[in-house]
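Letters A, B, ... mirror the listed sequences (proteins, then strands); counts begin at 1.
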Amino acid sequence: MANKVLVTAALTYANGPAHLGHVLEAIQTDVYVRARRMMGDEVIFMWADDTHGTPIQIRALREGIDPEQLIARVYDEHVKAYDGFQIGYDIFYTTHSEENRKHAAAIFEALRERGDIEERDVEQLYSEVDQMFLPDRMVQGTCPVCKTPDQDGDSCESCGSTYRPTELIEPRSVISGDTPVLRSSEHLFVPLARHEAFLREWLKPVSDGGTTILQDSVRNFVLSWVDGGLRDWDISREAPYFGIEIPGYPGKYFYVWFDAPIGYIAATEKWCELHGQDLQDWWKAPPGRGDGQTEIVHVIGKDIVYFHCLFWPAMLHAAGYTVPSRVQVHGWLKVNGEKMSKRRGTFILANTYLEHADPAYLRYYLAARLSSNQDDFDLAMDDFVARVNADLVGKAANLASRSIKFINSKLGGTLGPIPEDGVPVIDAVREKLLEVPDLYRNFDSAKALRLAMEMAETCDAYINEHAPWKVIKTDPERARAILTVGVQVSKMVGAVLQPVIPEWGEKIGRMLKLEQPLTFANAAEPLAEGLELGAYETLAERLQSATLDALIEASKADVAADRAVGAAPEDAPSFAYEVEPLAPEVGIEALGQIDLRVGKIVECEPVPKAKKLLRLTVDLGPLGQRNVFSGISQSYAPEQLLGKHVVMFANLKPRTMRFGVSEGMIMAAGQSDDKVTVIELDPRSLPGDKIS
RNA sequence: GGGCCCAUAGCUCAGUCGGUUAGAGCGGCCGGCUCAUAACCGGUUGGUCCCAGGUUCGAGCCCUGGUGGGCCUACCA
């Protein structure tokens, strides 16, 4: 009987587009799901957007739209990205749904009936102007420890210290700038310590009679929290809060982390409704890996272990739902050795990748390096190229290519028998294939793919040794037999690659006229002698490093565009000021009308009786000198500008002013007249040179 | 401040219970082959196993202390 397996990737937070960090997790999860299906397990992949909470409100506020509009737009972006990467989820749902409301209420009610909900007053900052309690992220002020201004309400990015928003010096509302006051309100708490016994049981390793599979480091980590004493968990937030209102407590909402994981259940319920399945079989069955049991597997990043290994199992247990059988934790994605960060420009969006490169490359590279550890993953672009080309193209694709093309072009396209000296090759490869399911089951795709490459290598050596391109001249049937080994092995290699590159398996299936989709079990079945092969289909083409260069460039542009909208990513500083909204979009031809040149300031003097003008003489090299009046005297003393290379708007129609004729403009940035900064160029630039 | 995890060849990683001379793939270099997508084959290069102590007949592995990186947490640890 098939094992029931419910797999989830972490819900994607709906305050922005998916980036390669999300993709890493999605691919790891998808490979696992596809591999387990190839083992014959009954697997569903339940996924959703996480749509509630303060960061969503802030983002919507910044963009000037409703949270509902934001999450609807982001939902479409996420689905497009994940579909593009061929993530084979069964449903991608949302926590902003009736199902989520229902199950959040049910779990809350169950906790309440057990006496696991406590009411307690909490003092918090309240803004009279905004008429709301301000969550940590909505307050800024001066750090009480190091006195750095403009820090968030929970921690200081300058000195790294954490504190409560009430400790901030000169706190103010991010929304209105209003100074909030202290006010107390009633919050709801779950005393987690009451679930300590259950949690210890849940955390028990399989080797010790437990049922939960956790990486050792994760288990130790979680146990250290339990040993340290479990704190009460504040699960309520005051209105206005974008989330689910708590039944029986008007004006109070579930903290986003209460209802977020419930999205796994909501997604399952929706999927059950669409597919005539019973939710009970999935979320009300005993946990485990046997008949009539359900194995729930969560794939998450190491930042959210706390929620998935403490609160979540406790909530499920208390409310009578199926608890997780496995939580698989991965590390962060880094790019070229740096932590992925918009500020450093190594932030690659999923959809940007898809515009430049085939998802198969990234799927392969990530899978080829992902194992069951939770180390950070460094996406080094040169290694990416080398690995894909050496393994995927040079080994796996090459074996199928040389075998199938040879038979098709020179031997009439039909297979022969497996020759006697090919049997040990097939046996050796099959033996490796037998190890593969367990490797995938343990999230060790790196080793599975290593084996696939060894399989191809073994067979390649066999073909080289027997040189069918020579043998064919004297004994074509012998050549056919040798290459039949290559085709047979390509089938087995294809099975190992299929979870990672689904279309690889499909192409192998068409070329070898397979009647059933490839599985680990049927991959070793011998191909019939006399089988007529289909036309060769290219399995993988070489990855060019220029492709990735273009991707990096495009990502830099993404960041700039995102900044311009004022849409701060999670790791970017919040803005304590406003800028003018962007002008309407124009085509590139608009730039052609404006002629910008390098100018060198050779003279600079104040203008008597003018409030903010300086008179400049700007040298444009071969184009001669220009007289320019510029309104920057409140920000610059004349001598500060002398000799600087600046950006000159050179074909601006001369304008007669009260003090003389101005023959152009120099470019400067700034919010007000006394905070202007002139755009300075590298002094190596040549006066008169065109800027484009 | 406390805690947990990680560190082995230029890169990605194996390394079992402590057991001989620390391995593989990729890359680099030299040579060969040509059916195959600059692919493939043979040879070769390459290591202070992060550092310093300790235990031991013997340490990449065990213990202590440190360094670097990642993460969590904080007047309680």
Side-chain angles (χ1 to χ4, degrees), chain A residues 145 155 160-164 214-231 300-307 309-310 329-334 336-340 365-411 439 444-447 449-473 476 479-480 482-483 486-487 490 536-544:
Chain A
V145 180
S155 65
S161 54
T162 55
Y163 40 78
R164 300 186 47 76
L214 294 174
Q215 290 127 295
D216 288 342
S217 56
V218 173
R219 174 176 286 108
N220 290 341
F221 203 1
V222 177
L223 271 173
S224 75
W225 286 326
V226 178
D227 291 341
L230 294 163
R231 292 189 182 80
I300 61 170
K302 61 187 180 182
D303 52 328
I304 55 176
V305 169
Y306 202 78
F307 298 100
C309 296
L310 285 180
V329 182
H330 61 79
W332 296 114
L333 180 74
K334 302 201 290 185
N336 288 336
E338 286 187 328
K339 195 168 179 175
M340 215 171 67
Y365 184 67
L366 293 179
R369 283 189 45 201
L370 278 170
S371 66
S372 185
N373 70 41
Q374 50 165 333
D375 294 348
D376 288 344
F377 186 107
D378 183 17
L379 174 60
M381 292 301 169
D382 47 356
D383 189 57
F384 183 14
V385 173
R387 192 72 187 266
V388 165
N389 290 340
D391 285 1
L392 207 54
V393 183
K395 286 233 154 61
N398 185 56
L399 175 66
S401 170
R402 71 191 303 202
S403 305
I404 294 170
K405 279 184 180 170
F406 196 107
I407 291 176
N408 278 348
S409 64
K410 297 187 168 65
L411 291 164
L439 291 171
D444 198 350
S445 57
K447 197 159 186 187
L449 291 174
R450 185 72 253 140
L451 282 179
M453 295 310 131
E454 285 173 17
M455 288 157 65
E457 225 167 302
T458 304
C459 186
D460 238 344
Y462 168 81
I463 293 175
N464 286 325
E465 190 188 337
H466 298 287
W469 54 94
K470 283 182 186 160
V471 171
I472 191 173
K473 291 167 192 161
R480 184 193 309 281
I482 293 165
L483 288 161
V487 176
S490 292
Y536 181 75
E537 297 182 46
T538 301
L539 290 165
E541 284 179 329
R542 299 180 72 79
L543 172 58
Q544 306 297 328

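- Comparing A/D378 and A/V218, the nucleotide of RNA chain B nearest to each residue sits closer to the 5' end for A/V218.
- Between the NZ atom of A/K334 and the P atom of B/C11 there is a distance of 13 Å, rounded to whole Å.
- Residue A/D376 is classed as a sugar-phosphate contact, given heavy-atom separations below 4.0 Å to backbone atoms only.
- Residue A/R231 is classed as a base contact, given a heavy-atom separation below 4.0 Å to a base.
- You cannot call A/F221 stacked on the base of B/C4; the centres under 5.5 Å and planes under 30° rule is not satisfied.
- By the side chain to side chain contact (heavy atoms under 4.5 Å, CB included) test, A/K302 pairs with A/V329, A/W332, A/Q374, A/D376, sequence neighbours left out.
- Here A/D460 lies in heavy-atom contact (under 4.0 Å) with sugar-phosphate atoms only.
- Between the side chain of A/Y536 and the base of B/U37, a donor-acceptor pair under 3.5 Å is found.
- Ring pair A/F406/A/W469: centre-to-centre distance not below 6.0 Å.
- Note on A/A540: a base of the nucleic acid sits closer than 4.0 angstrom, heavy atoms only.
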Between protein and nucleotides 22-25 of chain B, what N or O pairs are separated by less than 3.5 Å?
{"residue": "B/G25", "atom": "O2'", "partner": "A/R450", "partner atom": "NH1", "Å": "3.4"}
{"residue": "B/G25", "atom": "O2'", "partner": "A/R450", "partner atom": "NH2", "Å": "3.1"}

Dot-bracket line, read 5' to 3' along RNA chain B, where crossing pairs take [ ] and | marks a partner on another strand, Watson-Crick or G-U under 3.5 Å:
(((((((..((((.....[...)))).(((((.......))))).....(((((..]....))))))))))))....
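- Contact check, A/W225 against B/U73: no side-chain N or O comes under 4.0 Å of OP1 or OP2.
- Counting non-hydrogen atoms under 4.0 angstrom, A/I472 reaches nothing in the nucleic acid.
- Atom-to-atom, NE2 of A/H466 to C1' of B/C41 comes out at 14 Å; the value is rounded to the nearest Å.
- Contacts of A/A390 with the nucleic acid, taken as non-hydrogen atoms under 4.0 Å apart, involve only primed sugar atoms and P, OP1 or OP2.
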